Visitor: 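Here it is, the structure, as structure tokens.
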Amino acid sequence: MLTGKKIILGITGSIAAYKTAFLVRSLVKSGAEVRVIATRSALDFVTPLTLSTLSNNPVYSEYLKNEQGEWVNHVEMGLWADLLVIAPATANTLSKMAHGQCDSLLMAVYLSARCEVMFAPAMDLDMYQHPTTRENIQKLISYGNHLIQPGTGPLASGLSGEGRMAEPEDIQGQMEAFFSAKLPLKGKKVVMTAGPTYEAIDPVRFIGNRSTGKMGYALAAELAALGASVKLISGPSALTCPEGVQRQMVESAEEMYEASLSVFAEADLAIFSAAVADFKPAQSAVQKIKKDGQALAIELVPTRDILAEAGKRKKMGQLLVGFALETNNELAHAQDKLKRKNADLIVLNSLQEAGAGFGHDTNAVTLISATEQIKLPLASKQEIAQQIVQYLINRL
Ligand code: CTP
């Protein structure tokens, strides 16, 4: 969730500063890049060595880096960050922030930052209730800063009440919620199919295909990373479920049909990427079929088409995506499939290109809609998934 996010953590002089060591460690573990700016008094509570070791970056406190006059560029730092979090924020710090008092590196970065700012107050209960503190907090909120509400409990003074800095995991949770609310697919529901289906001949044998599910799983991962709530109905696959994706494993085309269409009505976007068997044995033998030296004929009957049924049920505002694998007249067949199944987009897999298709980590596809054809040249399945999702975001 925080992967690649650039965070400045501003630490000010409160006993709660010791907890920031845990916060820094956890942020870095979650993939964030963390730079720490500590005020002089913060360093009475936690050492620069602890913070620089945990953040893998120098800790900044003063404008000047050394006696040669080399300075810390507070404007560059303010522009670098995706989010500035001031935790703990003392009563004194809140007052300075509310009044634009620029007497430390941290305040200079706060005033120059173009990113959003979160602050986690920490102080004794009476200081927290004081009218000036209340007013400063209100002012900061009115300027667009985000308050991380303090907790209630025992305070360093021996008193008990509101004013304890929120716990590091709560602070991180609010940071994650902040970033996720900004994701382009936040609030969108997606249903997807991926992988092959197995159609039972008898208890040990089946008709299947070579699909591994890689392309569908890459799409599910990308959609979830951009905030969508993804339900992945997967046929047998050795792949692990991508982070944030709700997966339901199924085996046959019939199970996939039931699972997908039972949730299709609520979906904003449906992507049917599974290589669903087009035929299944008319009957699956209860016992293992024994050989008797004679030829064996298995009667096959068509499976129900999930994509075509979804196309019939599709309502205004729902976007429907299918996949196609063709060996000849690729474009014409794919366009025909788009119309026949009432899809909004067909992702046409190329069989002609080396490195594309089943089992490979790369793919090359053409996106076919009623009005356009977009070729996505050979790239990793992850990159292809990113490009398909960007296209869908523009259409949603
Ligand atoms: N599909 C489906 N349910 C089925 C069969 C296919 O949802 N029972 C979906 C696939 O997930 C895919 C698209 O339909 O999105 C593929 O359509 P299909 O007609 O099966 O095409 P191909 O397999 O490419 O080939 P053919 O035209 O020969 O059937």
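Remember, it's 1-based here, ligands and their atoms both numbered in the order they're listed. Worth knowing before you read on, the calculation uses all heavy atoms, side chains too, and leaves out hydrogens, waters and symmetry mates. Keep in mind that what you see is a predicted model, and the values were worked out from it rather than measured. For the single chain, residues carry numbers from 1 onward in sequence order.
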Visitor: With a 4.0 Å cut-off on heavy atoms, is Ala253 touching ligand 1?
Guide: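 Under 4.0 Å: no for Ala253.
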Visitor: When you check the side-chain N and O atoms of Gln172 and Glu176, is any donor under 3.5 Å from an acceptor?
Guide: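 Yes - a donor-acceptor pair under 3.5 Å links their side chains.
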Visitor: Considering distance alone, does some N or O of Lys337 sit under 3.5 Å from an N or O of ligand 1?
Guide: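 Checking ligand 1 against Lys337, an N or O pair does fall under 3.5 Å apart.
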Visitor: When you look for heavy atoms under 4.0 Å from ligand 1, do you find them on the side chain of Lys341, its backbone, both, or neither?
Guide: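 It is the side chain that touches ligand 1; the backbone stays farther off.
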Visitor: Just to confirm my output: which protein heavy-atom neighbour is closest to atom 9 (C) of ligand 1, and how far is it?
Guide: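 In this structure, atom 9 (C) of ligand 1 has Leu307 CB, 3.8 Å as its nearest protein heavy atom.
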Visitor: Any N/O of Val276 closer than 3.5 Å to an N/O of ligand 1?
Guide: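 Val276 vs ligand 1: no N/O contact under 3.5 Å.
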Visitor: Among protein heavy atoms, which lies nearest atom 8 (N) of ligand 1, and at what distance?
Guide: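 Closest protein heavy atom to atom 8 (N) of ligand 1: Arg304 O, 3.0 Å.
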Visitor: Could you tell me the residue and atom name of the protein heavy atom closest to atom 3 (N) of ligand 1, and the distance to it rounded to 0.1 Å?
Guide: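 Here the nearest protein heavy atom works out to Ile306 N, 3.0 Å.
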Visitor: Hydrogens and angles aside, do Glu383 and Ser380 bring a side-chain donor and acceptor to less than 3.5 Å of each other?
Guide: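 Result is yes, a qualifying pair exists.
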Visitor: Report yes or no: do His360 and Thr362 form a side-chain donor-acceptor pair below 3.5 Å?
Guide: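 Note: His360 and Thr362 side chains miss the donor-acceptor criterion.
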Visitor: Pairs of nitrogen or oxygen atoms closer than 3.5 Å, one from Ala275 and one from ligand 1: do any exist?
Guide: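 Not met; the criterion fails.
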Visitor: Among protein heavy atoms, which sits nearest to atom 12 (C) of ligand 1, and what does the distance come to when rounded to 0.1 Å?
Guide: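 Protein heavy atom at minimum distance: Phe323 O, 3.1 Å.
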Visitor: Just checking His146 against Phe119, ring centres under 6.0 Å apart?
Guide: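 No, the ring of His146 stays outside the 6.0 Å limit from the ring of Phe119, centre to centre.
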Visitor: Atom 15 (O) of ligand 1: which protein heavy atom is closest, and how many Å away?
Guide: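 Atom 15 (O) of ligand 1 sits closest to the protein heavy atom Phe272 O, 2.5 Å.
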Visitor: Decide if atom OH of Tyr63 counts as having more than 12 heavy atoms of other residues, nucleotides or ligands within a radius under 6.0 Å.
Guide: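 Enclosed: over 12 neighbouring heavy atoms sit under 6.0 Å from OH of Tyr63.
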Visitor: Do any N/O atoms on Gly322 end up under 3.5 angstrom from N/O atoms on ligand 1?
Guide: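 So ligand 1 has no N or O lying under 3.5 Å from an N or O of Gly322.
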Visitor: What protein heavy atom sits nearest atom 11 (O) of ligand 1, and how far off is it?
Guide: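 Ranked first by proximity to atom 11 (O) of ligand 1 is Ala274 O, 2.7 Å.
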Visitor: Any idea which protein heavy atom is nearest atom 1 (N) of ligand 1, and the distance to it?
Guide: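 That would be Asp305 OD1, 3.8 Å.
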Visitor: Among all the protein's non-hydrogen atoms, which is closest to atom 28 (O) of ligand 1, and how far away is it?
Guide: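 Protein heavy atom at minimum distance: Asp278 OD2, 4.7 Å.
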Visitor: Examine the proximity of ligand 1 to Thr303 and report which part, side chain or backbone, both or neither, has a heavy atom under 4.0 Å away.
Guide: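 Thr303 to ligand 1: side-chain contact only, backbone stays beyond 4.0 Å.
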